[in-house]
Amino acid sequence: MDTFSPHLAKPGSASPAALLAAQRQAHDREGAPSREARLASLAVLDRLLRANREPIATAIAADFAGRSTNETDLAELVPALASIRNARRHLARWMRPERRQVDIGYRPGRAWVQHQPLGCVAIVAPWNYPLLLTISPLVDALAAGNRVILKPSELVPRFSALLAELLGAAFDPALLAVVTGGPEVGQAVCALPLDHLLFTGSTAVGRLVARAAAETLTPVTLELGGKSPAIVCPDADLAAAAKIIAQGKFFNAGQTCIAPDYALVPEAQARAFADAVLDATATMYPRLNSPDYTSVISERHAERLRGLVAGAAATGATVLRRHDDEPGRRLAPTVVLAPSPDGALMAEEIFGPVLPVIGYRDLAEALRFVNDRPRPLALYPFTRDRSALATLLDGTLSGGVAINSVLMHCIQDDLPFGGVGASGIGAYHGHDGFKRFSHARGVYAAGRVSGFGFLAPPYGRRIRIALKAMLMR
Ligand code: NAD
């Protein structure tokens with residue numbers, strides 16, 4: 001059993017409520033930070049991540065009991081640095097007032113939107129990409145000029161302790177404070193009267209977070225999970241699609257919120273597709289005990305996944321694998337062919353290295369299958385047929401889409417990232433993240449001559465003429 005628990009709060013460390021009080025005082029005293037101050041914070045973050053690349057990847061690998069350091073760099077460090085670079089490059093433009101139209105009837109006058117920091121915000125993060133899912137929202141919040149309380153996950157204790165230490169040494173807690181601990185600390189953060197709360201985690205906990213935030217009317221962004229389908233159309237190159245889907249599914253051992261959860265494949269090709277997925281797993285991971293393959297985060301999570309597969313097998317599904325041994329918590333990449341659509345495997349987000357493959361007769365049936373379930377976080381159509389693509393894009397609603405690809409929409413700095421329905425509320429990343437953490441204040445400035453007084457009581461002939469003119473338009 002893993003006994004490492006440096007995340008336990010140190011005696012005397014400030015409570016989330018005390019940290020918020022200090023941040024509020026600082027915000028009231030100092031107001032919105034200048035562009036220079038924001039750029040300086042982002043530069044500190046950039047330097048800190050680059051200087052600690054190795055200890056960060058090592059801590060995450062230890063927390064997972066085996067996580068490819070290449071995957072940490074590729075999926076966490078590189079996109080985190082890209083989000084910092086993007087914010088630094090565009091901050092001046094994002095902060096500039098946005099000019100808006102003034103209706104001819106209200107001229108002369110000017111109108112604009114001023115983006116102001118919301119104030120004091122919190123970010124609560126999960127364990128599966130512990131670096132990216134703390135740093136990426138943090139970049140957006142700091143770029144927008146906020147003060148931040150950050151709570152990483154207790155399931156990655158070494159990483160969380162390191163993050164607290166690094167950020168604690170580099171930032172004034174009145175600007176950025178890290179609090180570590182489990183659900184009880186998460187609850188304490190989510191009960192605070194914040195100006196915004198960005199939570200990334202499961203849909204079940206997301207519900208509790210929304211309920212807690214409602215008490216203080218704290219606005220929330222909820223980045224949740226769900227079952228993201230890959231839909232392989234009849235015209236698709238089956239082997240190529242299988243390879244891409246396998247790569248996206250087994251990256252981080254399937255512990256990715258936007259991993260393809262299951263694949264819908266034309267019925268006659270389902271078995272060939274399953275074999276092609278397994279061929280790809282054998283090429284990517286010739287042996288499971290390889291540093292390229294990631295372990296499941298805990299024995300509890302591994303047990304749950306074994307239970308889902310066993311449950312599907314017991315109700316008639318075919319379970320296929322290319323690896324026999326399962327060293328430690330490394331679960332073999334598994335394909336489950338034709339599981340019951342009503343079983344637990346097809347009800348819960350899988351979040352592990354298990355890919356159900358389900359045959360469909362026509363696209364209408366595939367669409368029904370997707371739309372009978374809660375709105376997914378991502379959708380992955382595989383087709384070069386424009387009409388099939390239009391049918392899938394127009395006939396579904398999902399947080400995001402990658403076409404003939406997987407995961408890639410999430411790392412585009414100029415695309416909003418977020419869920420819809422049960423997969424989340426609100427989006428961030430890049431300019432959309434800056435706006436998410438800003439208040440868009442609408443401002444109207446009257447010209448020297450204004451028609452406003454013309455409309456004042458007592459109402460008589462003047463208002464009748466004015467209203468006639470207004471209503472004629
Ligand atoms: P989780 O919901 O169990 O925990 C997330 C965070 O919430 C942790 O820091 C935890 O300590 C805290 N927490 C737990 N109970 C709480 C409570 N009652 N009040 C406040 N905070 C509480 O999620 P997890 O297991 O860490 O992560 C896996 C889930 O996250 C999956 O469902 C996955 O799809 C989702 N996820 C979503 C995204 C996204 O961007 N949409 C990204 C990664 C993961």
Side-chain angles (χ1 to χ4, degrees), residues 75-76 79 83 121-130 132-141 153 186 190 196-214 218-231 248-249 251-252 254-262 264 346-352 367 369-381 392-403 405-437:
E76 303 214 59
S83 71
V121 307
I123 294 165
V124 177
W127 51 265
N128 61 328
Y129 290 94
L132 183 66
L133 297 172
T134 45
I135 299 299
S136 171
L138 176 63
V139 167
D140 296 354
S153 169
C190 296
H196 197 88
L197 169 62
L198 185 143
F199 167 84
T200 305
S202 60
T203 300
V205 175
R207 283 201 180 92
L208 302 177
V209 167
R211 206 171 292 154
T218 293
V220 289
T221 298
L222 299 179
E223 301 289 340
L224 310 177
K227 291 185 85 63
S228 300
I231 306 175
K249 179 70 180 193
F251 194 92
N252 205 30
Q255 300 164 111
T256 305
C257 58
I258 48 169
D261 187 277
Y262 62 94
L264 292 169
M346 293 314 297
E348 296 171 23
E349 176 186 18
I350 295 173
F351 220 59
L367 273 183
F369 195 93
V370 173
N371 289 332
D372 278 350
R373 289 171 168 69
R375 306 281 186 222
L377 185 55
L379 183 93
Y380 300 119
L392 294 180
L393 291 184
D394 296 346
T396 57
L397 196 61
S398 65
V401 175
I403 300 162
S405 183
V406 290
L407 319 183
M408 293 298 289
H409 61 296
C410 166
I411 49 174
Q412 308 306 314
D413 284 323
D414 208 18
L415 282 182
F417 177 77
V420 60
S423 58
I425 297 174
Y428 70 119
H429 285 193
H431 197 189
D432 295 282
F434 173 87
K435 288 194 274 191
R436 193 73 196 159
F437 283 106

Worksheet entry | Test item: side-chain donor near acceptor, S398 and R375, under 3.5 Å | no
Discussion item. With a 4.5 Å cut-off on side-chain heavy atoms, are L367 and T396 touching?
Written reply: yes
Discussion item. Counting C-beta onward and ignoring hydrogens, is there a side-chain heavy-atom pair between D140 and R436 closer than 4.5 Å?
Written reply: no
Worksheet entry | Minimum heavy-atom distance between A259 and G248, given as atom pair plus value | CB-O, 4.1 Å
Discussion item. Are P381 and V401 packed together at the side-chain level, in the sense that at least one heavy-atom pair is separated by less than 4.5 angstrom?
Written reply: yes
Practice prompt. Look at the side chain of N371 and the backbone N and O of G395, then say whether any donor-acceptor pair between them is shorter than 3.5 Å.
Written response: yes
Worksheet item: Are a donor atom and an acceptor atom from the side chains of H196 and T221 found within less than 3.5 Å of each other?
Response: yes
Worksheet item: Shortest non-hydrogen contact from A75 to Y129?
Response: CB-CE2, 3.8 Å
Worksheet entry | Matching residue for F199 among V209, L208, V220 - test: side chain to side chain contact (heavy atoms under 4.5 Å, CB included) | V209
Worksheet item: Are F417 and Q412 close enough that some pair of their side-chain heavy atoms sits under 4.5 Å apart?
Response: no
Item to complete: Determine whether K227 and S423 make a side-chain contact, defined as any pair of heavy atoms from C-beta on separated by less than 4.5 Å.
Response: no
Worksheet item: Is the closest side-chain heavy-atom distance between V124 and L197 below 4.5 Å?
Response: yes
Worksheet item: Is any side-chain heavy atom of P229 closer than 4.5 Å to a side-chain heavy atom of L379?
Response: yes
Discussion item. Whether the side chain of E76 engages the backbone of L132 through a donor-acceptor N/O pair (distance < 3.5 Å, no angle test) should be reported.
Written reply: yes
Practice prompt. Search all heavy atoms of S228 against all heavy atoms of C257 and return the closest pair with its distance.
Written response: OG-O, 4.2 Å
Practice prompt. On the 0 to 90° scale, with breaks at 30° and 60°, tag the F351-W127 ring pair as parallel, tilted or perpendicular.
Written response: perpendicular
Item to complete: Could you tell me if the ring centre of F369 sits under 6.0 Å from that of Y262?
Response: yes
Worksheet item: Is there a side chain to side chain contact (heavy atoms under 4.5 Å, CB included) between R373 and M346 once you walk through the steps?
Response: CA-CA 9 Å; R373 289 171 168 69; M346 293 314 297; 4.2 Å; yes
Discussion item. What's the separation between atom SG in C410 and atom NE2 in H429, rounded to the nearest 0.5 Å?
Written reply: 5.0 Å
Item to complete: Test Y380 against S405 for side chain to side chain donor-acceptor pair (under 3.5 Å), laying out the working first.
Response: CA-CA 7 Å; Y380 300 119; S405 183; over 6 Å; no
Worksheet entry | Exam field: side chain K249 to backbone G254, donor-acceptor pair closer than 3.5 Å | no
Discussion item. If I take atom CG from residue L133 and atom CG from residue N128, how far apart are they, to the nearest 0.5 angstrom?
Written reply: 6.0 Å
Fill in: Pairwise side-chain contact, Y428 with P416, heavy-atom cut-off 4.5 Å (strictly under)
no
Worksheet item: Looking at A378 and I258, what are the two nearest heavy atoms and their distance?
Response: CB-CG2, 4.0 Å
Fill in: Separation between CZ of R207 and OG of S202, rounded to the nearest 0.5 Å
9.5 Å
Item to complete: Count the heavy atoms belonging to other residues, nucleotides or ligands that lie under 6.0 Å from CG of D372, then report whether that count exceeds 12.
Response: yes
Worksheet item: After noting the C-alpha distance and the side-chain angles of L377 and L224, does the key distance pass the side chain to side chain contact (heavy atoms under 4.5 Å, CB included) rule?
Response: CA-CA 8 Å; L377 185 55; L224 310 177; over 6 Å; no
Discussion item. Rounded at 0.5 Å granularity, tell me how far OG1 in T203 sits from CD in E223.
Written reply: 11.0 Å
Worksheet item: How far does OG1 of T134 sit from CD1 of I123, to the nearest 0.5 angstrom?
Response: 8.0 Å
Worksheet item: If you look at every heavy atom in S153 and P126, which pair is closest and at what distance?
Response: CB-C, 3.5 Å
Discussion item. Once rounded to the nearest 0.5 Å, what's the spacing between atom OG of S83 and atom CD1 of I411?
Written reply: 11.5 Å
